[in-house]
**Student:** 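The structure follows.
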2 protein chains.
Amino acid sequence: MNNLKNQARSFDLAGYLKSHQDRINKHLAALLSCGPEPSRVCAAMCHSLMAPGKRLRPVLCMAAAEAAGGSADKAVLQAGCAIEMIHTYSLIHDDLPAMDDDQLRRGRPTCHVAFDEATAILAGDALLTLAFEILAGCAKLDPEKAAGILESIDVISKAAGYCGMIEGQMQDMAGEGQGLALADLKQMHELKTGALIRASIETGGLLAGADEAGKQALTTYAGHIGLAFQVTDDILNVCGNPGRMGKASGTDTARAKSTYPSLMGIDAARDYAADLISKALQAIEIFGNKAAPLTALAAYIVERDK
Amino acid sequence: MNNLKNQARSFDLAGYLKSHQDRINKHLAALLSCGPEPSRVCAAMCHSLMAPGKRLRPVLCMAAAEAAGGSADKAVLQAGCAIEMIHTYSLIHDDLPAMDDDQLRRGRPTCHVAFDEATAILAGDALLTLAFEILAGCAKLDPEKAAGILESIDVISKAAGYCGMIEGQMQDMAGEGQGLALADLKQMHELKTGALIRASIETGGLLAGADEAGKQALTTYAGHIGLAFQVTDDILNVCGNPGRMGKASGTDTARAKSTYPSLMGIDAARDYAADLISKALQAIEIFGNKAAPLTALAAYIVERDK
């Protein structure tokens with residue numbers, strides 16, 4: 001464990017993030033090329049997809065492929081980009097007036113504010129649809145990965161579907177003002193945020209041809225960092241700087257939403273996140289040095305300020 | 001041609017439709033099994049998906065597979081069911097207050113009326129996502145079809161996406177009260193309705209392993225019947241019986257939407273639909289007797305009363 005933590009400290013995460021984020025942003029722009037006179041719905045898709053984001057899910061997908069002994073090749077990059085599109089569609093729909101009614105996202109007006117409600121609904125639908133088009137397209141980049149790609153589509157669609165992310169959003173809305181218990185809050189987050197993060201990491205492993213032990217290690221790591229990510233998000237919503245985060249802070253309190261800080265206290269929430277990260281790192285010890293990016297990313301998830 | 005028309009007359013379409021629709025309805029229910037206490041979003045998905053419908057897209061998918069020398073086996077049935085889910089999601093979202101604001105669909109209150117707007121948005125999202133899950137799952141039913149399934153996901157997602165069905169809905173909303181010219185109306189319908197009908201038929205051909213000539217014949221047939229379907233829909237919106245159709249009639253006129261009857265006159269619109277069907281039948285002559293279901297379905301599309 002200490003060895004892994006030292007490894008994380010010596011790893012150049014800033015350089016790793018920059019090079020991977022650059023590749024992701026370039027590939028996203030190539031996958032959604034609307035031309036000089038884009039249609040209105042395409043402009044709305046670009047507005048949300050190309051807003052500055054951490055690109056955490058595709059980065060995790062690529063780092064998982066590297067940990068499992070593969071490389072972050074073009075098919076892995078493209079699968080990660082598809083997951084980023086699914087994440088973006090979910091943000092567009094969650095921000096709608098009928099749901100969370102948010103005005104600011106990734107430092108830009110939300111899609112329905114910048115365009116209109118109908119366009120935002122359709123732009124979200126279109127990003128979700130495009131995600132599966134480009135997932136299928138991964139097989140053209142590397143026909144040998146066809147079986148892994150079909151399995152990834154299965155994993156990703158289950159994570160994003162009505163037993164995963166969508167059920168999480170339903171529970172989140174139902175929980176507003178209800179005072180959820182900690183177990184319910186945890187379940188809601190595992191569905192709403194955790195499921196797609198887990199799918200990102202599992203997809204990297206699948207496309208890299210991970211063996212059973214490798215797949216299991218990645219799934220355990222993913223479960224813990226997904227939860228740690230959400231605990232940190234809740235802490236940032238209380239303590240964060242809206243300018244830096246690109247979205248409003250304090251909104252959870254205003255909506256009387258249960259959060260980890262509100263249920264556990266802020267210090268206990270920080271300890272909980274740190275404990276989850278320790279468990280995540282333990283799971284990926286089997287990958288040795290190849291896990292350096294995943295290790296550094298786990299630390300980043302709880303230490304980020306946006 | 002006359003031979004084909006005779007064939008259509010002697011073919012037992014009612015029996016064919018009933019047996020195929022029964023298989024489709026049973027398989028849809030198995031694919032979306034919410035259990036005795038379904039979650040709210042699952043109940044909303046069932047409300048819309050299991051409402052009585054013609055199941056035209058899966059029937060066409062199965063008939064196309066049969067015409068191309070394959071059979072309507074379980075993988076073809078399942079792919080057709082996935083397309084029906086995409087069709088249903090598009091109806092749920094098009095009916096939303098921010099779009100067409102419709103109250104009645106398939107004889108039931110629309111999804112946002114029966115549930116609420118947020119649930120309807122998420123139920124649509126979930127059906128779209130589930131469609132790709134079960135498309136990927138077709139490979140488990142028949143691993144030999146893996147390549148055809150990946151190609152079908154590509155065809156279906158392009159048809160449903162921002163250059164297909166979604167762009168059609170954008171153009172439809174933009175055209176309200178604008179007095180579209182005939183060419184613009186045709187383009188809008190080719191995107192909004194035609195693209196997914198074409199994808200249904202192409203998917204049947206792909207999964208049956210159609211050769212290039214077969215694929216081309218199916219695409220030509222599909223283009224013509226897709227347009228004929230919409231011309232007939234417009235005629236029914238003017239002349240139809242709301243009780244039989246399960247949705248309101250006269251709504252296009254109320255919204256000052258351009259339609260084939262409003263631009264061409266009702267008799268010319270009927271002639272146009274008949275001409276499209278003739279061209280569709282010509283294209284599938286190469287399949288001989290195996291095209292009997294597709295032939296009868298083409299006639300049904302313009303002769304239906306709902």
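What you see below is based on every heavy atom in this structure, not just the backbone, and it leaves out hydrogens, waters and symmetry mates. So that the names make sense, note that chain A is the first sequence line, chain B the second, and so on, each numbered from 1. It should be emphasised that the depicted structure is a prediction, and the values quoted were computed from it without experimental measurement.
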**Student:** What is the distance from atom CD of E167(B) to atom OG of S39(A), rounded to the nearest 0.5 Å?
**Tutor:**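 Between E167(B) CD and S39(A) OG, I get 4.5 Å after rounding to 0.5 Å.
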**Student:** For the pair L135(A) and F132(B), evaluate side chain to side chain contact (heavy atoms under 4.5 Å, CB included) and give the outcome as yes or no after the intermediate values.
**Tutor:** CA-CA 11 Å; L135(A) 278 170; F132(B) 289 104; over 6 Å; no
**Student:** Can you tell me which of D125(A), V41(A), I156(A), I121(A) forms the most heavy-atom pairs within a distance under 4.5 Å of chain B?
**Tutor:**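 With the most close heavy-atom pairs to chain B, the winner is D125(A).
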**Student:** Got a second to check how far R40(A)'s CZ is from M173(B)'s CE, nearest 0.5 Å?
**Tutor:**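 The CE atom of M173(B) is 9.0 Å from CZ of R40(A), to the nearest 0.5 Å.
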**Student:** Output the residues of residues 136-145 of chain B for which the shortest heavy-atom distance to chain A is under 4.5 Å, in residue-number order; output 'none' if no such residue exists.
**Tutor:**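 Answer by number: A136(B), A139(B), K140(B).
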**Student:** Can you tell which part of L96(B) gets under 4.5 Å to a heavy atom of chain A, answering side chain, backbone, both or neither?
**Tutor:**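 Only the side chain of L96(B) comes within 4.5 Å of chain A.
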**Student:** Looking at residues at least two apart in the chain, or sitting in another chain, which of them share a side chain to side chain contact (heavy atoms under 4.5 Å, CB included) with A181(A)?
**Tutor:**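 A181(A) satisfies side chain to side chain contact (heavy atoms under 4.5 Å, CB included) with D184(A) once adjacent residues are dropped.
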**Student:** Counting only heavy atoms closer than 4.5 Å, note whether L130(B) contacts chain A via side chain, backbone, both or neither.
**Tutor:**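 For L130(B), the side chain is the part near chain A, not the backbone.
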**Student:** Locate the shortest heavy-atom distance separating L128(B) from T129(A); write the atom from each residue and the value.
**Tutor:**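 Smallest interatomic distance, heavy atoms only, reads CD2-OG1, 3.5 Å.
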**Student:** Enumerate by number any residue of residues 147-155 of chain A whose heavy atoms lie under 4.5 Å from heavy atoms of chain B; in the absence of such residues, state 'none'.
**Tutor:**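 I149(A), L150(A), I153(A), D154(A), listed by number.
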**Student:** Residue by residue, scan residues 189-200 of chain B and write down, ordered by number, those that have a heavy-atom distance under 4.5 Å to chain A; if none do, write 'none'.
**Tutor:**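 Those residues of residues 189-200 of chain B which would need a heavy atom under 4.5 Å from chain A do not exist here.
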**Student:** Would you mind telling me which of A126(B), A131(B), G164(B) has the largest number of heavy-atom pairs within less than 4.5 Å of chain A?
**Tutor:**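 Most heavy-atom pairs under 4.5 Å with chain A: A126(B).
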**Student:** Select, from Q169(B), Q171(B), K158(B), E117(B), the one with the greatest count of heavy-atom pairs under 4.5 Å involving chain A.
**Tutor:**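 Of the candidates given, the most pairs with chain A belong to K158(B).
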**Student:** At a heavy-atom separation under 4.5 Å, does M165(B) approach chain A through its side chain, its backbone, both, or neither?
**Tutor:**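 Neither; nothing under 4.5 Å.
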**Student:** Just do the side chain to side chain contact (heavy atoms under 4.5 Å, CB included) check on H93(A) and L122(B) with the steps written out, would you?
**Tutor:** CA-CA 8 Å; H93(A) 282 192; L122(B) 291 170; 5.5 Å; no
**Student:** Determine the option with the most heavy-atom pairs under 4.5 angstrom with chain A, choosing from I166(B), I134(B), I86(B).
**Tutor:**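 The answer is I166(B).
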**Student:** With a cut-off of 6.0 Å (strictly less than), are more than 12 heavy atoms of other residues, nucleotides or ligands near NZ of K215(B)?
**Tutor:**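 Atom NZ in K215(B) is crowded, with more than 12 foreign heavy atoms closer than 6.0 Å.
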**Student:** Between A98(A) and A118(B), which heavy-atom pair has the shortest distance, and what is it?
**Tutor:**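 Scanning both residues completely, I find the closest heavy atoms to be O-CB, 3.4 Å.
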**Student:** If you count heavy-atom pairs under 4.5 Å between each of M45(B), M170(B), H112(B) and chain A, which one has the most?
**Tutor:**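 That would be M170(B).
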